[in-house]
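The structure under discussion appears below in the form of structure tokens.
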Amino acid sequence: MSGLNASLGYFLACVIFTVSVRALLKRWQRFGFVLEFASSFMLVACWLEVQTIVEVGQWAGGLGPDVTVTMLFVVLLSHRVISGNASGNPAVSVRRFLQLQASTLPTLLAVAAQFLGAHLALLVAGYYWSLELTDMHMIKNLMARECSTSLLVSLLQGFFTECVCALIFHLVQLALGRSSALIQVPLSAALLTFLSHTARGYTSGYVNPSLAYGLTFHCSGFTLPEYAVVYWLGSFTGMTLALLLYMGHIPRIFAKNLLYFQKTRFRVPKGEKAEKKKK
């Protein structure tokens, strides 16, 4: 249990950092991209620890798959509750840009902040492992330089997997857009947990370019362009397809609905029709 207690303390520290940043910037809406930085940091830092428990915890700390899946769901649920409107996901930021919900500069700043937060989380997690507080973390520290990649299939299969996972995720997000937060938050966390668990033998279904950058881009086995094709291009392609299927068009690119026929909402009253016929 000492390994689990250390992990819980680490999760709590990440949560406190994110809450503190959110509280400090609550009055300054112009610095919303900093919230994306904190959101991405929390997500990647916590997921790295969950990944450690998955890889090492079962035989170093006695933590089985049921514990890891539960912890991942709790992490994702906490992230959505604490981060609020900040997604920590570049694909979501770009989707909002394509929906005309955000302009160019805030989107670029948000995406840059998300990758910066992911990189900082990787550095912080590496330092945390180097402290070797438990046997699990000591083993993880020894394995850190030779980490195992999350991409366990070919590039084509990996691209298709990430694209399909992103398509499902963004379709659900769009469908739940006007729903209550009490419905959106747990469903989104459950869906991401399900996708990650289902795609574990393929790409782990991150559907988040900055998350994938923090979790697997530094691992050997594939080059940076190859990882980018799977986790960046795959995620953005799935997101674009989801937006096209849901709305019938991409507002930022063209206004005409390409997939669905829109009937006019206004009808001429029967009285006016009769008068026109008499004339």
Side-chain angles (χ1 to χ4, degrees), residues 32-33 35-36 39-40 43 73 76-77 79-81 83-111 113-115 156-199 202-213 228-266:
F33 64 92
L35 296 178
E36 291 290 349
S39 176
S40 179
L43 180 62
F73 173 74
L76 292 170
L77 185 64
H79 174 259
R80 283 299 308 272
V81 171
S83 298
N85 196 42
S87 64
N89 187 339
V92 173
S93 297
V94 173
R95 190 190 76 203
R96 291 170 180 168
F97 171 76
L98 294 177
Q99 289 179 277
L100 302 178
Q101 296 177 0
S103 56
T104 304
L105 182 59
T107 301
L108 291 175
L109 289 174
V111 171
Q114 288 157 353
F115 278 102
L156 183 60
Q157 290 176 312
F159 172 83
F160 181 75
T161 302
E162 280 296 309
C163 183
V164 171
C165 289
L167 174 65
I168 296 171
F169 171 72
H170 288 282
L171 274 177
V172 173
Q173 286 282 295
L174 290 166
L176 296 175
R178 297 181 181 179
S179 303
S180 169
L182 294 175
I183 298 175
Q184 286 188 43
V185 172
L187 281 181
S188 296
L191 177 61
L192 285 172
T193 304
F194 171 76
L195 292 175
S196 177
H197 182 72
T198 304
Y202 300 89
T203 63
S204 290
Y206 295 134
V207 301
N208 184 332
S210 60
L211 177 64
Y213 168 78
V229 167
V230 174
Y231 290 103
W232 293 356
L233 185 59
S235 293
F236 286 122
T237 302
M239 177 273 295
T240 306
L241 289 174
L243 187 59
L244 185 62
L245 288 174
Y246 182 79
M247 300 188 69
H249 70 297
I250 300 176
R252 179 68 64 175
I253 301 176
F254 38 75
K256 184 179 179 181
N257 197 312
L258 302 178
L259 299 181
Y260 310 116
F261 176 73
Q262 293 181 325
K263 294 182 178 179
T264 178
R265 296 181 180 179
F266 303 99

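By the ring-ring contact (aromatic ring centres under 6.0 Å, His included) test, Tyr206 is found to be paired with Trp47, Tyr231, residues two or more places apart in sequence or in another chain being considered. With sequence neighbours excluded, the residues that form a side-chain contact (heavy atoms from CB on, under 4.5 Å) with Leu191 are Ile168, Phe169, Val172, Leu195.
Legend: side-chain hydrogen bond (donor to acceptor under 3.5 Å, both in side chains) pairs involving residues 179-195, not counting sequence neighbours, sorted by first then second residue: Arg80-Ser188, Gln173-Ser188.
Nearest heavy atoms, Glu36 versus Asn85: OE2-O, 4.3 Å. Scanning both residues, Cys165 and Ala199, for their nearest heavy atoms gives SG-CB, 4.3 Å.
The CD1 atom of Ile250 sits 11.5 Å away from atom CZ of Phe97, with the distance rounded to the nearest 0.5 Å. Here CG of Asn208 is found 7.5 Å from OG of Ser87. Values are rounded to the nearest 0.5 Å. Between atom CZ of residue Arg95 and atom OG1 of residue Thr107 there is a gap of 12.0 Å, rounded to the nearest 0.5 Å.
Residues Met239 and Leu98 meet the side-chain proximity criterion, which asks for heavy atoms closer than 4.5 Å. With a 4.5 Å cut-off on side-chain heavy atoms, Arg252 and Gln99 do not count as touching.
Between Phe115 and Trp232, the ring planes lie perpendicular to each other; the angle is over 60°, past the 30° to 60° tilted range. The aromatic rings of Phe254 and His249 lie tilted to each other, with the angle between the two planes from 30° to 60°.
The local environment of CZ in Phe160 is sparse, with at most 12 non-hydrogen atoms from other residues, nucleotides or ligands closer than 6.0 Å.
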